Amino acid sequence: MASQVGRFASMNKTVEVRIHGFAFGGRAVGRDPQGKVCFVRGAVPGETVQVSLTADKKNYSEGILSGVTAASPARLTPECPNPCPGCSYAHVPYEMELEWKQRQFRSFAEKARLRSDPQDFLRDPMGAPVRTGWRSKIRLSLDRSPDGKILAGYRGEDNRTLIPVTDCPLAVPAIREALQGGQWRSLLSGNEKTITFRWSRPDGLRIYTDRGGSASIRDELDGFGIFETGESSFFQINPYMSGRLAGEVLDRVRSAAPALLVELYCGCGCFSIICTEHLPGLQAWGVELDPPAVQYAAENAGTHGVADRTGFDVGDSAKVFRKRYPQGLPPGSLLLADPPRTGLDPAALKLIAGSGAKWILYVSCSPDTLFRDLRQLEEAGYRIIESRLLDLFPSTAHFESITVLAAEK
């Protein structure tokens, strides 16, 4: 941290800031003596801190924590030795982290100007059982120093600066041991841009670069068995919470009791397969843009014994859906969407709004895009029944959520 402060010392001033909260994204927020809002990572609500400014805008400023004038009794010493922006809450108790994540979630709901009242549909958050040792996959960027040495680490706030990493307390023990040992360097030829460490209970540790192949990996969802996917394909990276998320999805599909489940952004098919496996009368169909993931989805359905009640197609969600259901979904259908952090693209959002689905189940990893999309779904005639935060990414600024909507007619 000191080196980053020195980097800006010649062009920025230091101000005293009274911290009053955490903003979405994990930075603490407070005000300087003139009342201007200031964002700084690493401070705690209730503290007075010194901030070396890196940006001074008209309505707010940003900076790097350079000192703590009056510390909060809640402040903890982070286990992580790295000055990277990933562990946004490692310096506060987990109860405080979860409380502020729920506040941020509620704030997005309130600012979205929804017809539904957040007080009616927001549920208590589901916390994580562990704060460290949960991350089963990390990807490090690679740079070369002037003397030719390969440096591996996370990118800083500017998405350019490399912060060297030789340990990551968020990672599962097998990944931490590999990072600390350093033998992974023997895998590098000198032209790679990233290196990935991925662990699963069935297959153990895999280490590969962006120049590697496309091998498969088996991963496990607690309570729901093993699923196969590609090394570079998406799979939830918290083995302590991924099964709980799947269980929440299953519970809501069970309550809705649809005859048909249609899943957009289905990946390797976990949600559709789990729901059909546990609900004997259910048929499911999923669509995914990634061809290998769709192939694995079909194989997983066979492994779990539901190949006769599931189907998966590859392609753009909106285009493939319209081809399969040109008149919309059959009555009583449930549509499940688990989009990337950018949320639903305009075509998919328009598709869902006019799909005729009786229920919509929206799994999201970004509350800003979630509530943006929920507002438009409300305008299309849907009512928000419930929404719940699930902390799949403890100590970081991120979290997952699951929202249920029902057609009003």
Side-chain angles (χ1 to χ4, degrees), residues 123 126 128-129 134 136-137 200-203 216-230 233-288 290 292-314 317 329 332-340 357-365 385-392 400-405:
R123 302 292 182 260
M126 176 185 286
W134 56 264
S136 62
K137 178 182 178 181
S200 71
R201 289 192 186 104
D203 289 347
S216 66
I217 186 170
R218 296 174 301 160
D219 219 323
E220 184 178 5
L221 289 176
D222 272 348
F224 300 107
I226 294 173
F227 293 81
E228 189 171 3
T229 188
S233 297
F234 172 80
F235 201 90
Q236 290 290 355
I237 60 173
N238 187 335
Y240 297 95
M241 289 293 290
S242 56
R244 297 189 183 191
L245 173 62
E248 292 285 301
V249 169
L250 175 59
D251 287 346
R252 282 149 183 80
V253 175
R254 180 184 282 116
S255 295
L260 174 66
L261 165 65
V262 170
E263 182 181 0
L264 308 184
Y265 313 93
C266 69
C268 65
C270 294
F271 290 148
S272 290
I273 291 168
I274 287 169
C275 289
T276 50
E277 190 174 12
H278 288 78
L279 304 173
L282 182 67
Q283 297 282 333
W285 173 78
V287 58
E288 165 63 45
D290 179 25
V294 173
Q295 179 181 344
Y296 286 119
E299 294 175 1
N300 288 328
T303 301
H304 285 255
V306 294
D308 59 331
R309 291 189 289 117
T310 58
F312 301 95
D313 286 327
V314 62
S317 295
L329 292 173
S333 298
L334 184 148
L335 193 151
L336 191 161
D338 184 8
K358 184 176 181 180
W359 298 276
I360 296 172
L361 192 55
Y362 193 141
V363 178
S364 169
C365 58
I385 305 299
E386 65 170 320
S387 188
R388 187 182 194 188
L389 182 159
L390 293 86
D391 195 13
L392 267 73
E400 202 90 2
S401 66
I402 182 169
T403 303
V404 181
L405 303 95

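Just the heavy atoms: all of them, side chains too, but no hydrogens, waters or symmetry mates, feed the values below. It should be emphasised that the depicted structure is a prediction, and the values quoted were computed from it without experimental measurement.
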Within the distance-only criterion (no hydrogens, no angle test), does the side chain of [X] pair as donor or acceptor with the backbone N or O of [Y] below 3.5 angstrom?
| X | Y | answer |
| --- | --- | --- |
| N300 | E228 | yes |
| D203 | I217 | no |
| R309 | L282 | yes |
| E263 | S272 | yes |
| D391 | A128 | no |
| R252 | T403 | no |

Distance (rounded to the nearest 0.5 Å) between [X] [atom1] and [Y] [atom2]:
| X | Y | atom1 | atom2 | result |
| --- | --- | --- | --- | --- |
| I274 | L221 | CD1 | CG | 5.0 Å |
| W285 | D313 | CH2 | CG | 5.5 Å |
| L405 | S387 | CG | OG | 8.5 Å |
| L264 | E288 | CG | CD | 10.0 Å |
| R218 | T229 | CZ | OG1 | 13.5 Å |
| Q295 | S233 | CD | OG | 10.5 Å |

Please walk me through it: do Y265 and L336 pass side-chain contact (heavy atoms from CB on, under 4.5 Å)?
CA-CA 9 Å; Y265 313 93; L336 191 161; over 6 Å; no

Does this structure show an ion pair linking R244 with E248, if we count only N-O contacts that are shorter than 4.0 Å?
no

Just so I know, are the side chains of P339 and Y362 near enough to count as touching, which here means a heavy-atom distance under 4.5 Å?
yes

Heavy-atom side-chain contact between F312 and T310 under 4.5 Å:
yes

Would you say the ring centroid of F224 lies under 6.0 angstrom from that of H304?
no

Grab the two heavy atoms, one from [X] and one from [Y], that are nearest each other, plus how far apart they are.
| X | Y | answer |
| --- | --- | --- |
| I273 | C268 | CD1-O, 4.1 Å |
| Q236 | S242 | CB-CB, 3.7 Å |
| T276 | A284 | CG2-CB, 3.5 Å |
| I385 | R123 | O-NH2, 3.4 Å |
| Y296 | G230 | CE1-N, 3.3 Å |
| C275 | V249 | SG-CG1, 4.2 Å |

Given the rule in the side-chain contact (heavy atoms from CB on, under 4.5 Å) test, do L261 and W359 qualify, once you have shown the distances and angles that lead to the verdict?
CA-CA 10 Å; L261 165 65; W359 298 276; over 6 Å; no

Greater than 12 external heavy atoms within 6.0 Å of K358's NZ:
no

For M126 and R388, run side-chain contact (heavy atoms from CB on, under 4.5 Å): C-alpha distance rounded to whole Å, both residues' side-chain angles, the deciding distance at 0.1 Å, then the answer.
CA-CA 8 Å; M126 176 185 286; R388 187 182 194 188; 3.5 Å; yes

Ring-plane angle category for F227 and F235, please: parallel below 30°, perpendicular beyond 60°, tilted otherwise.
tilted

